[in-house]
Amino acid sequence: MSGKKVLITGITGQDGSYLAEHLLGLGYEVHGLVRRVALENPKGRFVRLAHLLDKLILHPASLESYPSIFSVISRHGFDECYHLAAQSFVAESFADGFSTMNTNINGTHYMLAALREIRPDCRFYFAGSSEMFGKVREMPQRETTPFHPRSPYGISKVAGFDLTRNYREAYGMYCVSGMLFNHESPRRGFEFVTRKITSTVARIKLGLASELRIGNLEAKRDWGHAADYVRAMHLMLQQAEPDDYVVATGETHSVREFCERAFSEVKLNYQDYVVVDELYYRPAEVDLLIGDATKARTVLGWQPRYTFETLVTEMVQSDLEALHAMSESPSLQDTPFRY
Ligand code: NAP
Ligand code: G4F
């Protein structure tokens, strides 16, 4: 048992739930920073944590409020902090760049400043993203690849990366950034393309939907599994020296290939159901991402366990099972998936 105390921001999200599970398994005392609204609506907001709730210690705080973060950190002697909370949907960042910047940049700055003030020895992980590479300058992308973000979200993550590195260099704190490529799971939000595809495939298979309206089919992503990627986050905080790491599978697939694979999982042809809709195109696109995780593999000893195929299979099967379980519910017929 580690006996260490850890704080996770964004614990209600996809990665937060897998990381909490992983750290509980390692014997950590796991604390989560959550929004007040989450505590007021536990059924809705804690859906990914339902099986863990009795093992977690949750604190209401707002990423927009330095005093609320300061208060939580000052009451507990955290050994590690994983800062995952963010407005994480790229398309939304085009719609409301101001709130994305505010949450993602100031939220990260508040976390770092509060830790420096109260608990400078606490190790800090920042959730950086392959979106920082954006209009990619080399292939595959690695730790030394220059950034060229293509969205307010990507810009906010470059700022968070720079803040994290600056706290490391200026104040000698153990602060690292994971440069994580897309990672998915049955707990992925419905607005992201993979879960939009697998949830709609399940609905089509059960006769609850007749088409999948989607944007750019040619965009390519390096898709891994969130359960694999949270192990890398933890390993990054266990090293002798703080450093930044790319985490990726090294394989890239198009949105079209993801559709093809997900529909074939239920013996359907994607071409019969997919409708391209310009509504889902972005003002600026990241066309192709493929990561080189050699450093994470060699220094951290990290290895992914899932493949692209096992990831898609798990997501489709999980969405089918969930729909079967809910199939008696009349409200299911009206569930909108208009992301
Ligand atoms: P997610 O499922 O969207 O979860 C985001 C989390 O942030 C949720 O817990 C959410 O809380 C919280 N949050 C959002 N706005 C907040 C605010 N204003 N105040 C407090 N909390 C707020 O994201 P994820 O996929 O787990 O990703 C985790 C982190 O990794 C994010 O920073 C994301 O940008 C980054 N990242 C993700 C990927 C990926 O492919 N998944 C790749 C690279 C980097 P509520 O539940 O209350 O909304
Ligand atoms: O699933 P997406 O929305 O993920 P995106 O934009 O790559 O961002 C995710 O991964 C990042 C890591 O690189 C994270 F930092 C970020 O927080 C998030 O987790 O879109 C993937 C691709 C895009 O090229 C998008 O244009 O799919 C394309 N796409 C095509 N049709 C669509 C759709 N995306 C969405 N969400 N919905 C569509 O209908």
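Order of appearance sets the numbers: ligands from 1, and atoms from 1 within every ligand.
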Mark up the atoms of ligand 2 that fall under 4.0 Å of a heavy atom belonging to Lys196, in ascending order. 38 (C), 39 (O)
Above 12 or not: heavy atoms from other molecules or residues under 6.0 Å from CD of Glu278? no
Sub-4.0 Å heavy-atom contact, Glu64 with ligand 1: yes
Check for me whether the distance between the ring centres of Phe147 and Phe161 falls short of 6.0 Å. yes
Please indicate whether Glu40 has more than 12 foreign heavy atoms, meaning atoms of other residues, nucleotides or ligands, lying under 6.0 Å from its CD. yes
Out of all atoms in ligand 2, which are within 4.0 Å of some heavy atom of Val90? Include the element for each. 6 (O), 8 (O)
Joint cluster assignment, Trp223 & Ile290, ILVMFWY side-chain distance < 4.5 Å: no
Just to be sure I read this right, does ligand 2 sit under 4.0 Å from the backbone of Ile214, its side chain, both, or neither, counting only heavy atoms? both
Could you check which of Trp223, Tyr229, Tyr153 puts a non-hydrogen atom nearest to atom 34 (O) of ligand 1? Tyr153
A student checking ligand 1 against Thr103 at a 4.0 Å heavy-atom cut-off should list atoms 17 (C), 18 (N)
Considering heavy atoms of the protein only, find what lies nearest to atom 27 (O) of ligand 1 and give residue, atom and distance to 0.1 Å. Asp15 OD2, 3.7 Å
Between the candidates Val193, Val276, Val274, which shows the shortest non-hydrogen contact distance to atom 32 (C) of ligand 2? Val193
If we number the atoms of ligand 1 from 1 as shown, the ones under 4.0 Å from a heavy atom of Asn182 are 40 (O)
Do Phe308 and Phe258 have their ring centres less than 6.0 Å from each other? yes
Can you list the ligand 2 atoms lying under 4.0 Å from a non-hydrogen atom of Gly215? 30 (C), 31 (N), 33 (C), 39 (O)
Exactly one of Glu285, Glu257, Glu251 clears salt bridge (charged side-chain N to carboxylate O under 4.0 Å, His left out) with Arg221, and that residue is Glu285
Taking the non-hydrogen atoms of Glu131, is any one of them nearer than 4.0 angstrom to ligand 1? no
Which protein heavy atom lies closest to atom 30 (O) of ligand 1, and at what distance to 0.1 Å? Ala127 CB, 3.4 Å
Within the structure, does Arg213 bring an N/O atom to less than 3.5 angstrom of an N/O atom in ligand 2? no
Can Asp243 and Lys295 be counted as an ion pair, charged N to O under 4.0 angstrom? yes
Please identify which atoms of ligand 1 are closer than 4.0 Å to at least one heavy atom of Gly13. 2 (O), 4 (O), 8 (C), 9 (O), 26 (O)
I need the atoms of ligand 2 closer than 4.0 Å to a non-hydrogen atom of Ser88, numbered in the order shown. 16 (C), 17 (O), 18 (C)
Protein residue, atom and distance nearest to atom 11 (O) of ligand 1, heavy-atom basis: Thr12 OG1, 3.3 Å
Can we call the ring centroids of Phe124 and Tyr167 under 6.0 Å apart? no
Would you say the side-chain atoms of Ser71 and Ser68 include a donor-acceptor pair closer than 3.5 Å? no
Which atoms of ligand 1 have any heavy atom of Arg45 under 4.0 Å away? 45 (P), 47 (O), 48 (O)
What protein heavy atom is closest to atom 6 (C) of ligand 1, reported as residue, atom name and distance in Å? Gly10 CA, 3.7 Å
For the residue pair His225 and Tyr18, categorise the inter-ring angle as parallel (less than 30°), tilted (30 to 60°) or perpendicular (more than 60°). perpendicular
Shortest reach to atom 23 (C) of ligand 2 by a heavy atom, considering only Glu218, Gln87, Arg221: Arg221
Can you sort out which atoms of ligand 2 are near Ala219, meaning under 4.0 Å from one of its heavy atoms? 24 (O)
I'd like to check whether Tyr280 has a polar contact with ligand 2, where a contact means an N/O of the residue lying under 3.5 Å from an N/O of the ligand. no
Contact between ligand 1 and Met179 is defined here as a heavy atom of the residue under 4.0 Å from a ligand atom; is it met? no
From the list Arg168, Arg165, Arg142, salt bridge (charged side-chain N to carboxylate O under 4.0 Å, His left out) with Asp244 holds only for Arg168
Nearest neighbour in protein (non-hydrogen) for atom 1 (P) of ligand 1: Ser88 OG, 3.7 Å
Under a 4.0 angstrom heavy-atom cut-off, which atoms of ligand 1 come close to Gly128? 43 (C), 44 (C)
So Tyr229 and His183, would you call those rings parallel, tilted or perpendicular, with 30° and 60° as cut-offs? tilted
Using a 4.0 Å cut-off to any heavy atom of Phe89, which atoms of ligand 2 qualify? 3 (O), 36 (N)
Closest to atom 42 (C) of ligand 1 among protein heavy atoms sits His183 CE1, 3.3 Å
One finds that the ligand 2 atoms under 4.0 Å from a non-hydrogen atom of Glu285 are 23 (C), 24 (O), 25 (C), 26 (O)
Tell me whether Glu211 is salt-bridged to Arg213, with the criterion being a basic N under 4.0 Å from an acidic carboxylate O. yes
Proximity of Leu289 to ligand 2 by residue part, where a heavy atom lies under 4.0 Å: side chain
Are Leu180 and Tyr306 co-members of a hydrophobic cluster defined by side-chain heavy atoms under 4.5 Å apart? no
Closest to atom 13 (N) of ligand 1 (judged by heavy-atom distance), picking from Arg35, Glu191, Gln87: Arg35
Is the Lys NZ or Arg CZ of Arg195 less than 6.0 Å from the centre of Phe192's six-membered ring, within 45° of the axis? no
Looking only at protein heavy atoms, which one is nearest to atom 2 (O) of ligand 1, and how far off is it? Gln14 N, 3.0 Å
Report the nearest protein non-hydrogen atom to atom 21 (N) of ligand 1: residue, atom name, distance rounded to 0.1 Å. Ala85 CB, 3.7 Å
Has ligand 2 got any nitrogen or oxygen that is less than 3.5 angstrom from a nitrogen or oxygen of Arg188? yes
Judged by non-hydrogen atoms, does Tyr281 sit under 4.0 Å from ligand 2? no
Single hit among Thr100, Asn104, Asn106 for side chain to side chain donor-acceptor pair (under 3.5 Å) with Asn102: Asn106
Would you please determine whether Phe89 falls within less than 4.0 Å of ligand 1 on a heavy-atom basis? no
Name the one of Tyr28, Tyr125, Tyr82, Tyr245 that satisfies ring pair (Phe, Tyr, Trp, His ring centres under 6.0 Å) with His234? Tyr28
Do side-chain atoms of Glu143 reach the backbone of Val246 as a donor and acceptor pair under 3.5 angstrom? yes
Which ligand 2 atoms, with their elements, are less than 4.0 angstrom from a heavy-atom of Ser129? 11 (C), 12 (C), 13 (O), 14 (C), 15 (F)
Nearest to atom 5 (C) of ligand 1 by heavy atom, Ala86, Gly160, Ser62: which? Ala86
Heavy-atom contacts with Arg188 under 4.0 Å: which atoms of ligand 1 show up? List them by number with element. 25 (O), 39 (C), 40 (O), 41 (N)
When you measure from the heavy atoms of Ala61 to every atom of ligand 1, does any distance fall below 4.0 Å? no
Which one of Asn41, Leu84, Asp222, Leu180 has a non-hydrogen atom at the shortest distance from atom 29 (C) of ligand 1? Leu84
Does the gap between the ring centers of Phe78 and His31 come in under 6.0 Å? yes
